[in-house]
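All chains are named by letter (A, B, ...) in the order of the sequence lines, taking the proteins before the strands, and each is independently numbered beginning at 1. Being a predicted model, the structure only gives us computed values, none of them experimental. Atom set for the values below is all heavy atoms of this structure, side chains included, hydrogens, waters and symmetry mates excluded.
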Number of protein chains: 2
Amino acid sequence: MSEREATAHVTLEVVARSAGVSQATASRVLNGTARVREDLRQRVVAAADLLGYIPNAHAQALASASSRLVGVICHDVADPYFAAIAGGVMRAAAEHDLLMMLASTFRDPAREIAYVSALRAQQARAILLISSGFQDRAWERAMNTELEPYLRGGGRVAVVSRHRTLRVDTVLPENRAGGAALARAMLGLGHRDFAVLSGPRALTTVSDRLGGFRDALAEAGVELSPDQVVEGAFTRDGGYDACAELLQRGLRATCVFAITDVMAIGALAALRDQGLRVPADVSLAGFDDIPIVRDLSPPLTTVALPLAEMGQAVMALALREPRGRRSRVTRFGGEVVLRASTGPP
Amino acid sequence: MSEREATAHVTLEVVARSAGVSQATASRVLNGTARVREDLRQRVVAAADLLGYIPNAHAQALASASSRLVGVICHDVADPYFAAIAGGVMRAAAEHDLLMMLASTFRDPAREIAYVSALRAQQARAILLISSGFQDRAWERAMNTELEPYLRGGGRVAVVSRHRTLRVDTVLPENRAGGAALARAMLGLGHRDFAVLSGPRALTTVSDRLGGFRDALAEAGVELSPDQVVEGAFTRDGGYDACAELLQRGLRATCVFAITDVMAIGALAALRDQGLRVPADVSLAGFDDIPIVRDLSPPLTTVALPLAEMGQAVMALALREPRGRRSRVTRFGGEVVLRASTGPP
DNA sequence: GCGCATTCTGAAAGCGCTTTCTGATACCGT
DNA sequence: ACGGTATCAGAAAGCGCTTTCAGAATGCGC
């Protein structure tokens with residue numbers, strides 16, 4: 001049989017030859033990097049079009065030492081919090097004609113480091129860390145070891161949420177202030193007995209929210225009893241389990257603060273399963289204002305974060321020319337949105 | 001001032017020189033592609049480690065004509081349906097040590113084509129189309145024009161949801177059968193008057209679900225009145241608006257079928273805003289079983305799709321060696337999950 | 001101890017592009 | 001008509017890696 005191997009791969013050389021010009025000229029035409037005589041230009045464009053030429057991004061990146069890739073690392077794409085932020089990043093990426101590489105760490109710090117390394121290998125133009133900051137010396141050291149040479153090599157890094165040692169541009173959710181504002185709002189409703197469904201201690205997000213909440217209570221002379229603070233995973237089921245545990249210990253609070261909305265969703269289910277009415281028997285509040293919570297019933301009181309906007313902002317931060325050695329911090333959110341899940345005790 | 005430009009970029013050449021071996025040997029050591037004398041091996045590893053060597057993925061891809069990138073195209077990462085599938089894909093990608101590039105088309109067919117082209121340029125090892133198939137000649141032609149040379153060049157393509165002309169491996173949600181099963185379940189509850197909140201006609205997902213639903217009703221001698229079918233956008237607000245429109249037209253149905261769960265969430269809000277109780281006044285059902293709907297109140301009756309599993313499956317399909325010219329189809333879901341949002345009329 | 005098979009290493013040729021650098025051509029003033 | 005200056009096209013040198021190919025070193029049998 002005759003070899004009917006498909007047409008060889010269409011490279012710039014093929015296009016140039018077919019148009020009767022040099023590769024240099026073809027490259028200039030296709031990138032618009034220099035003036036080229038009109039008739040040659042048209043021949044190149046026509047040839048490229050006819051042959052269905054698609055440039056090899058790897059060769060381009062290698063030759064020009066730049067790429068159109070932006071890396072995003074989050075804990076879990078499927079989580080509404082990260083999905084919403086990633087949506088904002090995606091929007092910004094589309095506007096800047098960039099491609100987004102998205103990685104989920106599944107909350108494994110080691111995996112996070114590995115992905116940073118992989119993104120470095122891919123010559124990502126920027127790395128966005130949406131995963132919350134860990135408070136762990138070893139992790140911090142490893143992360144800095146990755147990031148420092150990357151930054152020195154011209155890479156851009158921006159993060160969402162506070163990192164203790166990373167000196168990079170930051171989109172900072174008002175975790176502490178938001179926690180405090182929520183506490184004051186609940187105090188204002190008349191609550192004096194609180195419980196908290198907390199998350200993994202290792203995350204700054206958790207300590208900030210909880211710290212702000214606790215401090216604001218303390219200012220009002222209200223103390224948060226340790227046995228009314230339950231730690232759970234940052235998931236719907238984590239919230240459910242933590243709340244169930246709380247109920248088992250004996251709920252003495254009139255208001256429960258779930259440290260994320262996702263956990264609050266689980267908590268709501270747990271409360272309902274125990275026959276407790278929200279907010280008649282107990283008030284429930286969350287944090288993040290992920291899109292779904294306004295559609296729960298009752299709609300959830302929460303601390304609002306403009307997630308999509310934060311995603312766009314972190315991208316913008318990463319793209320902006322770094323000025324000086326100071327890292328920029330953009331703060332977002334922190335406003336309490338009162339909905340029907342909370343009421344007077 | 002002395003030039004204290006940071007250390008030059010660490011390339012394989014630098015590592016090799018520092019270890020006193022050739023680039024070839026260094027490459028072989030670092031990739032484990034051939035036996036190398038133990039002492040040399042150790043010197044290379046030590047040098048690479050000390051210098052913090054990170055291979056340039058572009059150079060690797062260019063030289064070896066292969067990459068570790070997988071492209072995923074969906075309509076909107078922030079949408080729970082796509083987020084859940086993307087989560088499954090991400091899991092599979094992590095298992096295979098692949099990097100995932102995720103793009104949102106924001107439901108723009110032209111943008112979808114553009115992303116396929118971009119992924120081709122990136123030499124993506126596989127392209128996964130999670131965006132639902134459009135029923136549009138021009139789009140189909142453009143998509144085939146992109147995909148055909150890609151496949152011929154050894155690229156892998158797999159899609160979720162039915163595509164009319166794309167002959168590629170497919171993960172097929174049981175849209176038609178699911179729609180039919182739901183209809184039968186609702187008939188079983190005693191409903192005879194139905195309304196549908198439908199989505200963009202251009203999507204096969206819509207026509208399949210609606211078709212299955214309508215056919216099953218017809219089999220039972222029940223007709224779906226055209227004025228009780230409202231088309232809306234595939235979003236929460238699209239569902240809300242469509243439902244509001246339906247109510248304005250005059251709701252004659254005892255059971256409303258929202259063609260996606262996301263739309264059902266909006267519909268639930270619209271019904272509640274009009275003072276209608278679900279399911280006492282009207283039953284409401286959705287499709288997809290996105291994670292949140294079981295936590296609504298009332299929990300939503302829906303047609304279940306194992307979204308994360310589908311994501312893993314589509315990745316697996318793309319990775320499996322293509323055998324023959326036949327495209328493989330894996331079907332998923334279609335089971336009705338009865339929850340409290342539906343009841344007897 | 002010699003020849004041959006067997007490992008293992010290094011030199012060098014690309015992969016497909018961008019970008020300098022050089023040379024050719026066209027255009028200007030006088 | 002001629003030298004000088006802009007413009008524009010092409011040759012060629014990489015970018016950082018993998019991989020062939022050939023050669024060096026080692027081991028073996030006899």
Quick one: side chains of residues 91-98 of chain B, donor-acceptor pairs under 3.5 Å with protein atoms, not counting sequence neighbours, listed by atom name and distance.
none

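In this structure Phe332(A) satisfies the ring pair (Phe, Tyr, Trp, His ring centres under 6.0 Å) test with no other residue, sequence neighbours excluded. Taking the ring pair (Phe, Tyr, Trp, His ring centres under 6.0 Å) definition, one finds that Phe134(B) meets it with His75(B), Trp139(B), sequence neighbours left out. Taking the side-chain contact (heavy atoms from CB on, under 4.5 Å) definition, one finds that Ala57(B) meets it with Ala121(A), Gln122(A), sequence neighbours left out. Applying the side-chain contact (heavy atoms from CB on, under 4.5 Å) rule to Ala114(A) yields no partners; only residues at least two apart in sequence or on another chain are considered.
Phosphate proximity of dC8(C) to Arg35(B): present, with a side-chain N or O under 4.0 Å from OP1 or OP2. Contact annotation: Arg37(A) does not reach the phosphate of dC8(D) (side-chain N/O to OP1 or OP2, under 4.0 Å).
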Summary of protein contacts for nucleotides 10-18 of chain C, nucleotide by nucleotide, where a base hit scores B, a sugar-phosphate-only hit scores S (4.0 Å, heavy atoms): BB--BBBBB

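Although no hydrogens or angles enter the test, the distance criterion places no donor-acceptor pair under 3.5 Å between the side chain of Asp169(B) and the main chain of Ala318(B).
Pairs of residues two or more places apart, or lying in two chains, that qualify as salt bridge (charged side-chain N to carboxylate O under 4.0 Å, His left out) and include a residue from residues 18-38 of chain B are Arg37(B)-Asp39(B), Glu38(B)-Arg41(B). The stretch residues 119-132 of chain B participates, sequence neighbours left out, in these salt bridge (charged side-chain N to carboxylate O under 4.0 Å, His left out) pairs: Arg120(B)-Glu146(B).
Per the geometry, CD belonging to Glu38(B) stands 16 Å off C1' belonging to dT9(C), to the nearest Å.
Within the helix from dG1(C)-dC30(D) to dT30(C)-dA1(D), the inter-axis angle between the opening and closing five-pair segments is 30°, rounded to 10°.
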